[in-house]
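Each chain gets a letter, A, B and so on, in the order its sequence line appears, and its residues count up from 1.
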There are 2 protein chains.
Amino acid sequence: MGIEDVDRGRWYTARMQRQTAQRHAILDTIRQAAGPLSIPQIHARASQDAPGLGLATVYRTVKLLLATEHIVAVDFPGEEPHYEPIGRGHHHHFRCLSCDHWFELDRCLGCLVAIPDGTTLPDGFVVEAHHLTLYGRCPRCAAEPNPTASPA
Amino acid sequence: MGIEDVDRGRWYTARMQRQTAQRHAILDTIRQAAGPLSIPQIHARASQDAPGLGLATVYRTVKLLLATEHIVAVDFPGEEPHYEPIGRGHHHHFRCLSCDHWFELDRCLGCLVAIPDGTTLPDGFVVEAHHLTLYGRCPRCAAEPNPTASPA
DNA sequence: AGAGATGTGATAATGAATTATCGATATCGG
DNA sequence: CCGATATCGATAATTCATTATCACATCTCT
């Protein structure tokens with residue numbers, strides 16, 4: 001999951017030529033998360049691997065990782081954009097109402113929608129895609145009576 | 001759908017004592033829409049009934065209508081908040097990828113999710129609620145080859 | 001190891017949505 | 001119909017996320 005894991009052809013671009021501790025910390029943080037992370041979350045977690053990490057560097061690096069197709073942005077209702085690794089296919093997300101964190105659901109659990117894309121609804125609406133978000137309690141918070149705010 | 005339709009007990013509060021053309025235009029606009037509206041959309045439509053309507057008045061009135069429980073806010077991924085009348089029960093939304101407008105789906109079409117709330121997923125996630133959004137083409141845009149941007 | 005370009009961190013600047021201000025206007029009880 | 005005042009419209013101010021700036025540190029190639 002370190003340097004050797006990064007495709008040099010993609011990593012190295014006109015604006016992204018050097019491998020630094022900050023960039024690896026940020027990419028590893030996003031890859032190791034259980035779900036999409038916001039900029040503040042990335043900053044907080046990656047700072048443990050890269051002490052003194054600046055917020056501007058997180059914004060810069062996230063933008064570069066988007067441009068080099070290492071990560072993708074995920075938007076949730078009423079929230080700042082979150083980011084997750086690219087290439088995980090169609091899936092849905094789960095938000096824990098207790099610890100407020102987002103989780104990625106397995107593909108097998110994801111496609112819960114009874115009406116597949118391409119269907120025409122009775123009213124004439126043609127469905128081309130869907131977003132499903134589940135809300136509830138993550139395994140940790142569902143077990144604990146007094147849940148903390150520090151999930152995986 | 002006019003003045004007589006408004007519960008005076010709810011309409012009249014410490015900060016909302018008078019009935020004005022602007023307030024009725026805004027509430028009627030939200031009630032007559034096919035789906036949730038954003039602030040700019042409310043402003044554009046209500047201005048037809050209340051010429052010269054100011055944007056600040058839309059913000060003010062929407063906030064008051066929220067506080068008096070005449071409307072509710074609906075958030076969509078990556079968008080400004082939208083507003084719809086209160087009391088329409090559980091339903092889902094449809095966004096037309098052609099004209100970019102939101103539609104409210106009938107209740108009978110809404111509950112498309114195969115896993116009902118209260119279910120415990122195999123991983124231990126307890127589902128308490130869900131949001132489903134469908135994307136595609138509204139009846140008007142599905143019919144027209146060159147769709148306009150002025151839906152119902 | 002050294003030169004030079006790239007990357008970083010702190011912070012100022014920007015941009016967009018929302019809110020506050022204030023003189024003018026319209027509402028509604030009397 | 002009048003007067004007190006709630007509300008309006010125009011715009012300045014505020015808030016918050018994101019971006020630009022710049023001096024200093026770090027990486028890479030030789």
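Between A:Glu79 atom CD and C:dA17 atom P the separation is 19 Å, expressed in whole Å. Here D:dG9 presents its P atom at 7 Å from CZ of B:Arg60, a figure rounded to the nearest Å. Counting to the nearest Å, the P atom of D:dA10 and the NE2 atom of B:His43 are 8 Å from each other. Rounded to whole Å, the distance from CD on A:Glu80 to P on C:dG15 is 21 Å. Atom CD1 of A:Ile42 and atom P of D:dA17 are 15 Å apart (whole Å). When rounded to the nearest whole Å, the span between CG of B:Leu66 and C1' of C:dT19 equals 15 Å. Atom CD of A:Gln19 and atom C1' of D:dT28 are 11 Å apart (whole Å). As rounded to whole Å, 15 Å separates atom C1' of D:dA25 from atom CG of A:Leu53.
The residue among B:Ala21 and B:Tyr59 whose nearest nucleotide of DNA chain C is located toward the 5' end is B:Tyr59. Nearer the 5' end of DNA chain D, as judged by each residue's closest nucleotide, is the contact made by B:Gln22, out of B:Gln22 and B:Ala56. In terms of position along DNA chain C, the nucleotide closest to B:Ile39 lies nearer the 5' end than the nucleotide closest to the other residue of the pair B:Thr20 and B:Ile39.
Taking each heavy atom of B:Phe94 and A:Val126 in turn, the nearest pair found is CZ-O, 3.4 Å.
A distance of 6.0 Å or more separates the ring centres of B:His90 and B:His131.
Looking at B:His101, its side chain does come within 3.5 Å of a backbone N or O of B:Cys99 through a donor-acceptor pair.
Counting non-hydrogen atoms under 4.0 angstrom, B:Arg23 reaches the backbone sugars and phosphates but no base. Residue B:Pro81 is classed as a sugar-phosphate contact, given heavy-atom separations below 4.0 Å to backbone atoms only. Heavy atoms of A:Leu55 sit nowhere under 4.0 angstrom from any nucleic acid atom.
You'll find that the side chain of A:Lys63 is closest to D:dT19, out of C:dG7, C:dT19, D:dT19.
One donor-acceptor pair, N or O on each side, does fall under 3.5 Å between the base of C:dT6 and the side chain of A:Arg18.
Using a cutoff of 4.0 Å between basic side-chain nitrogens and carboxylate oxygens, A:Arg95 and A:Glu79 are scored as salt-bridged.
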Quiz item: What do the steps show when you test B:Glu104 against B:His93 for side chain to side chain donor-acceptor pair (under 3.5 Å), and what is the final call?
Solution: CA-CA 5 Å; B:Glu104 181 180 326; B:His93 295 97; 5.2 Å; no
